[in-house]
Amino acid sequence: MNDTARVIIKPRRARPFYARHPWVLSNSIERVEGSPEPGAEVIVLSHERKFIAHGLWNPKSTIQARLYRWEEAPLDQAFWLDRVDSALGLRSKLPGTRGERSARRLIYSEADGLSGLTVDQFDQYLVMQFTSLAIHERKELFIKALIDRLSPAGIMLRTERGIAKREGLEIEDGVVHGTIPDEPIAIVEHGLEYRVDLRTGQKTGFYLDQRENRLAVSTYALNRNVLDVFCYTGGFGLAALKLGGAASCLGIDGSTTAIELARVNAERNGVAQATFEHADAFDALERFRIDGRKFDMIICDPPKFARSPNGIEDALKGYLRLNRAAVAVLERDAILVTCSCSGLIDRGLFVEVIAQVAEQSGRAIQILEQRGQAPDHPISASCLDTEYLKCLICRVE
Ligand code: SAH
């Protein structure tokens, strides 16, 4: 290990890394001793040359070193396998993600000490996502570990947009093990069946992070006429109807393929009171306002509005406009379920937006439940960047 390059942290900048935050940005680095190749292992030391952690190097990324091991031992195969086993061990004990044809997140990047690797399981198939060049270089090890432990029928590689630019990582999506069906496969969540397109569906195919929220929200739905804006393949709306006894549900989404799958999902679950419409959510809400059409429950789960710190202001305006438009078509004494998956907007800021909605619409809003992401998407106490999903269940007077 003596030829392992050393990354020396600037004075007074080492605190977060001792505290196990895994991202060393270039502005914290004083110098590098040695000439590590992109993807190579490095040892991170304080200014006084005190050991901090072992990490992986990528000078092409803004995260120049990702930290994995805070003890003086190398990032060898046994270490990586132990990380994988720890992640799988957690999931094997979590409620709500077991059973026939279930789906769950098996590995969630920083939250599982594996910054740069995400793995979701859909029944007997796995979908892997790499967001770090160095972890991608070790992909055979991870693929083999998953095959040995889970014997999946197929593993699909999916890539997030923008990763080539952020990490200098060029990956082609594709099947890396076994077979992946061309047609959507079926998973079961809370007893409902959903079709998931592993090849082209959004994210890795299904929004697993909202699993527990779909169940919680359904308990407020009895006899209500529900509007599910940004419904994707119908997750919230179908749960509201089938589990919660909603009177009706209209789902709106801007993706035609999502709407097609939502209709298939409604049919497969024998849900007749669901209708799905392809439309822009803002346009649809404006149309309902003009037509005087009202709902007594609205679920509002938009895509990420804030993609960079520069985008926070605009994102907050977007959430304000959207939630005002939703409240404008809510009956008196109704339920608003409002979500934000922008990690850059914290819970406090999001609640402030809802307070502004109350002020501007002249209606009292009470938060009944403040919810987050499902437990198979844990939040690392040392890396709060892993917390992103806010789901507020509110009563609007
Ligand atoms: N609630 C869903 C997940 C929603 S993800 C679930 O539980 O599965 C966000 C959705 O918003 C995506 O399906 C995307 O297609 C849709 N979308 C993005 N922009 C939109 C817009 N302007 N109008 C309507 N839908 C939009």
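In listed order, ligands and their atoms are each counted from 1. The shown structure was predicted, so the numbers you read here are calculated from the model rather than taken from an experiment.
Under the 6.0 Å cut-off for aromatic ring centres, H54 and F51 qualify, their centroids lying closer than that. A distance of 6.0 Å or more separates the ring centres of F122 and F206. A centroid separation of 6.0 Å or more is found between the aromatic rings of F142 and F130.
Heavy-atom proximity to atom 25 (N) of ligand 1, evaluated over G201, C339, C341, G254, is greatest for G254. Considering each of D253, V337, D280, the one bringing a non-hydrogen atom nearest atom 10 (C) of ligand 1 is D253. For atom 23 (N) of ligand 1, the candidate residues are C231, A281, A239; the nearest heavy-atom contact is made by A281. The residue from F305, F230, Y207 that puts a heavy atom closest to atom 11 (O) of ligand 1 is F230.
Electrostatic pairing of R101 and E189 does not count as a salt bridge here, judged by no charged N lying under 4.0 Å from a carboxylate O. Salt-bridge annotation for D296 and R332: absent, with no side-chain N of the basic residue lying under 4.0 Å from a carboxylate O of the acidic one.
For ligand 1, the atoms sitting less than 4.0 Å from at least one non-hydrogen atom of S255 are 15 (O), numbered in the order shown with element in parentheses. Listed by atom number, the atoms of ligand 1 under 4.0 Å from A279 heavy atoms are 23 (N), 24 (C). Counting the atoms of ligand 1 from 1 in the order shown, those under 4.0 Å from a heavy atom of R214 are 6 (C), 7 (O), 8 (O). Of all atoms in ligand 1, numbered sequentially from 1 with element shown, those under 4.0 Å from a heavy atom of F236 are 1 (N), 7 (O). Close contacts of ligand 1 with Y232, meaning ligand atoms under 4.0 Å from a residue heavy atom, involve 2 (C), 3 (C), 4 (C), 8 (O), 13 (O).
Every heavy atom of K203 sits 4.0 Å or more from the atoms of ligand 1.
At a 3.5 angstrom cut-off on N or O pairs, Q210 does not count as close to ligand 1. Inclusion of Q202 in the set of residues having an N or O under 3.5 Å from an N or O of ligand 1 is warranted.
Looking at atom 18 (C) of ligand 1, its nearest protein heavy atom turns out to be P303 CG, 3.4 Å. The single protein non-hydrogen atom nearest to atom 2 (C) of ligand 1 is D301 OD2, 3.5 Å, given as residue, atom name and distance.
With a 4.0 Å heavy-atom cut-off, ligand 1 is reached by no atom of A258.
In this structure, R263 fails the cation-pi test against F276, since its NZ or CZ atom is not both closer than 6.0 Å to the six-membered ring centre and inside 45 degrees of the ring normal. In this structure, R83 forms no cation-pi arrangement with Y68, as its terminal cationic atom is not both closer than 6.0 Å to the ring centre and no more than 45° off the ring axis.
For H21 against L67, the heavy-atom pair with the smallest separation is O-CD1, 3.8 Å. G201 approaches R158 most closely through the heavy-atom pair O-NH2, 2.7 Å.
No donor-acceptor pair closer than 3.5 Å links the side chain of S61 to the backbone N or O of N58.
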